[in-house]
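Naming convention: chains lettered A, B, ... in sequence-line order (proteins, then strands); numbering from 1 in each chain.
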Amino acid sequence: MGLFILRRVGVMILTALCLTYIVFFLTNLYPNLEKLAKTQGNFRMSDEAVASWLTDRGYLQSTPKKYAEWIGVVPSFRQVEEDGSVNGRCIKPGMKPEEAPHYCGILQGEWGWSSVSKAPVVKVLSTRLANTGYLMMWVMIVMVPSALIIGVLAGMREGSATDRTLSSVSILSTATPEYVSGVIFIALLASSKSPINQWLASNGWIEGKALFKGSAAKAMETPTFENFTLPVLTIALYGMGYIARMTRASMAEVMTAQYIRTARLKGVSFANVVVKHALRNALIAPFTVIMLQIPWLLNGVVIVETLFQYKGLGWELVRAAGNNDIEMLLGISVVSVVVVLLTQLISDIGYVYLNPRISVT
Amino acid sequence: MDPLSWGAIFTQILIQFTPVWVALIVLYTVSIRYKRRLGLYGKLFDSMIGMIGFALVMFWVFTALFAGVFDLIGTHDPVAQISGMKNKLPGTPVRGAEEGEFAHYLLGGDTLARDVFTRMVMGSTVVIAIAPLATLFAFMVGITLGLPAGYYGGRLDTGLSFLANLILAFPVILLFYLLVTPEIVATGLPQFMAVVLFVCPVVFFAVLIHSRFRTQPSKNIRWLVVVLVPLILLYLSLINESGSKIDFWPLDMFDIPGGTLVVFVSVVFVNSPTVFRIVRGLTLDIKTRDYVAAAQTRGERPWYIMLWEILPNARGPLIVDFCLRIGYTTILLGTLGFFGLGLPPESPDWGSTINEGRKLLSVYLHPALPPALALLSLVLGLNLLADGLREESLRD
């Protein structure tokens, strides 16, 4: 087991390095750097001015070297100016060159400066991450139990009317991407023009004009039922169907097993068979699926945060990508790659741990 | 002229779709009549879920066909702006409509005073043109790489699986943003990716034919020429675009409009690793069967075994996954449109129209809902179709 985890961690680190290198390479292509120079310096710079601006800041070194500097395993770029002063990536304004550290990369906690937020990437990213984490927590709280309940109820008696109905519901939910369900939810539940809200308001059952709010812009400080329900529901709905179908398949398989029949023949009640005998074995497969859904949820988070103006990681990704905020993009890619790989690792280890029939050697 | 009531709007929309209803009825009558002779396709008509799914899918395929090729169904020009129709409610009469012009905006006007109904109908042509083709390419890439990875195993398998996992661990939207920005397109990177990805189908067909007719040289050459010459010509004019990084081929038959190629490449790129994993898994399973051992004992070459013994026997799960994956590709295309990436801004595709409509959603409901429901019904249809196919193919 120890060796298995060690090998997986090794592959994981290699993958993370490759992925961040690809993002680094793509964000550091010359046209992007040129745009950066023009937005940071001045829009009417000539080509030579752009080149010298970039050279002064070490942007025109070879990509592997820049990447190593960014990671923090190679001393970072420095240049002695004509007047004898030294500048470089690690030397912040007001800092003497002799005191500045030689290494400043991701490993040293120096994630760079966000050109759009005008703040250190670490600071911006941590607040965004906290917001997204809070959103994801509620998504999980809503999604996982409801998906498992739907799956178990449907798989309990395969082919029954309950099964048919619940399976159709889960197919419908997997066919509804976030930008469709989000738009439908806003139109039906958050717009004062929607018939449902007009009916509710005319009866005096809701205080404002609509049941929910179509924007979660205030949910970062004060999350309320009104402004937080729709984003959570939208993300949860898309992931729910898939988990429910996996749970159903696994439950249906377990229910045909010999030991279930034995238990029934012994006279154990159906409810007891389901809860005490079947459930434990049926939940092994959904566990892996739930963990592997997290990267998918990240995708949904980007859409939902854009749709509801919730300032989390996804919202920041769209803003950074749209405004050529290179160091912020790199920071976001590091975070998301680590999240994806960690969930894969946990699901692998968890699967082996939960299912003793799987051998790792 | 008076605005239409909801009942009248509904009836009028049904009337507009007349060619589609006719085509659907003909297709279903013929298919159900001869279903015993049509193999797996015929069996689809034994399952209620499969029939509903197939009807939804074919509804949009016919809509795309009639709207895109014959210019039926739609009531106005999808990009024409008619003054005074901005954000007008469904059923509003067109101001100053002339004789022979359609007199109403059936589903209202959007923020640029274009007809929502026509844009929804024309949006289907974009999806139906790109999604199945992109999925097909992803399958070609996945099959060409997945078969040897599963069959040979060893280092090749380790390397290719690592690459596939690498792409799968990439946050899809970040990848899209990185690939689709104009700066990156200007460097020619998506085109180089197209060169690599689109060569897979050519290689696939070359190996497919050669492995079959290796022992009959004359037949071999005839087939290779017949299939490969058009394919290579297509391939070259596909990747070649005058004025870009790759511009060497004089006989450029067609140019893919700028953004579309990039969108196509990114969708294929994102989809192929999953296909690769499925094909590899199926190959690992099937290569232990007796008929593979028999072929090996006969002295067949590895590629013959892979393409003519293993692949045909893996078709069931692959067909089911193909349907599901078209649905997923449709969702991806919508995502791209939703973020305004790749496709031209005027494009009536569903993702872009949803994106335009959502900005004023709290005031005007009608521009965003039709494309959203259209996309939902197509993906739902594909999912139901896949479910029906799975059920029927398991019954064998």
Engaged part of B/Leu375 at the chain A interface, taking heavy atoms whose separation is under 4.5 Å: side chain
B/Ser352-B/Asn355 side chain donor-acceptor pair, cut-off 3.5 Å: no
Check ion pair A/Arg319-A/Asp325 (N to O, under 4.0 angstrom): no
Which atoms of B/Leu189 approach chain A - backbone, side chain, both or neither, heavy atom under 4.5 Å: side chain
Interchain contact, B/Leu365 with chain A, by part (heavy-atom threshold 4.5 Å): side chain
Residue pair B/Phe339 / A/Thr306, side-chain heavy-atom distance below 4.5 Å: yes
Which of A/Ser167, A/Gly322, A/Pro177 touches chain B most, by non-hydrogen pairs under 4.5 Å: A/Pro177
Most contacts with chain B, counted as non-hydrogen pairs under 4.5 angstrom, among A/Leu307, A/Val337, A/Thr174: A/Leu307
Region of A/Val11 in contact with chain B, defined by heavy-atom distances below 4.5 Å: both
Sub-4.5 Å side-chain heavy-atom contact between B/Phe170 and A/Ile22: yes
Enclosure of A/Tyr242 OH (heavy-atom neighbours >12, cutoff 6.0 Å): no
Engaged part of B/Tyr364 at the chain A interface, taking heavy atoms whose separation is under 4.5 Å: neither
Chain A contact residues among residues 46-54 of chain B, heavy-atom distance under 4.5 Å: B/Ile49
Chain B contact via A/Ile332 - which portion, at a heavy-atom distance below 4.5 Å: neither
Heavy-atom pair count under 4.5 Å with chain B, highest-scoring of A/Thr27, A/Leu29, A/Ile171: A/Ile171
Portion of A/Ile184 that has a non-hydrogen atom of chain B nearer than 4.5 angstrom: both
Side-chain touch A/Asn28/A/Leu33, heavy atoms, less than 4.5 angstrom: yes
B/Thr135 side chain near B/Tyr328 side chain, heavy-atom distance below 4.5 Å: no
B/Ser377 versus chain A, the contacting section by heavy-atom distance below 4.5 Å: neither
Other residues, nucleotides, ligands: >12 heavy atoms within 6.0 Å of B/Phe10 CZ: no
When B/Leu378, B/Leu373, B/Leu369 are compared by non-hydrogen pairs under 4.5 Å with chain A, the top option: B/Leu369
Residue pair B/Asn165 / A/Thr15, side-chain heavy-atom distance below 4.5 Å: no
Check: A/Tyr30 and A/Leu60 side chains under 4.5 Å, non-hydrogen atoms: yes
Choice from B/Asn383, B/Ile331, B/Val379, B/Leu178 maximising heavy atom contacts with chain A below 4.5 Å: B/Ile331
Toward chain B, the part of A/Leu298 with a non-hydrogen atom under 4.5 Å: neither
Atom group of A/Leu26 that falls short of 4.5 Å from chain B, counting heavy atoms: both
Atom group of B/Asp387 that falls short of 4.5 Å from chain A, counting heavy atoms: side chain
Min side-chain heavy-atom separation A/Tyr310-A/Val304 under 4.5 Å: no
Neighbour count >12 (heavy atoms, 6.0 Å) for atom CZ, B/Arg390: yes
Interface residue of largest heavy-atom contact number with chain B, from A/Val318, A/Thr343, A/Thr176, under 4.5 Å: A/Val318
Flag if over 12 foreign heavy atoms under 6.0 Å of CZ, A/Phe25: no
B/Val116 and B/Tyr105, any side-chain heavy atoms less than 4.5 Å apart: no
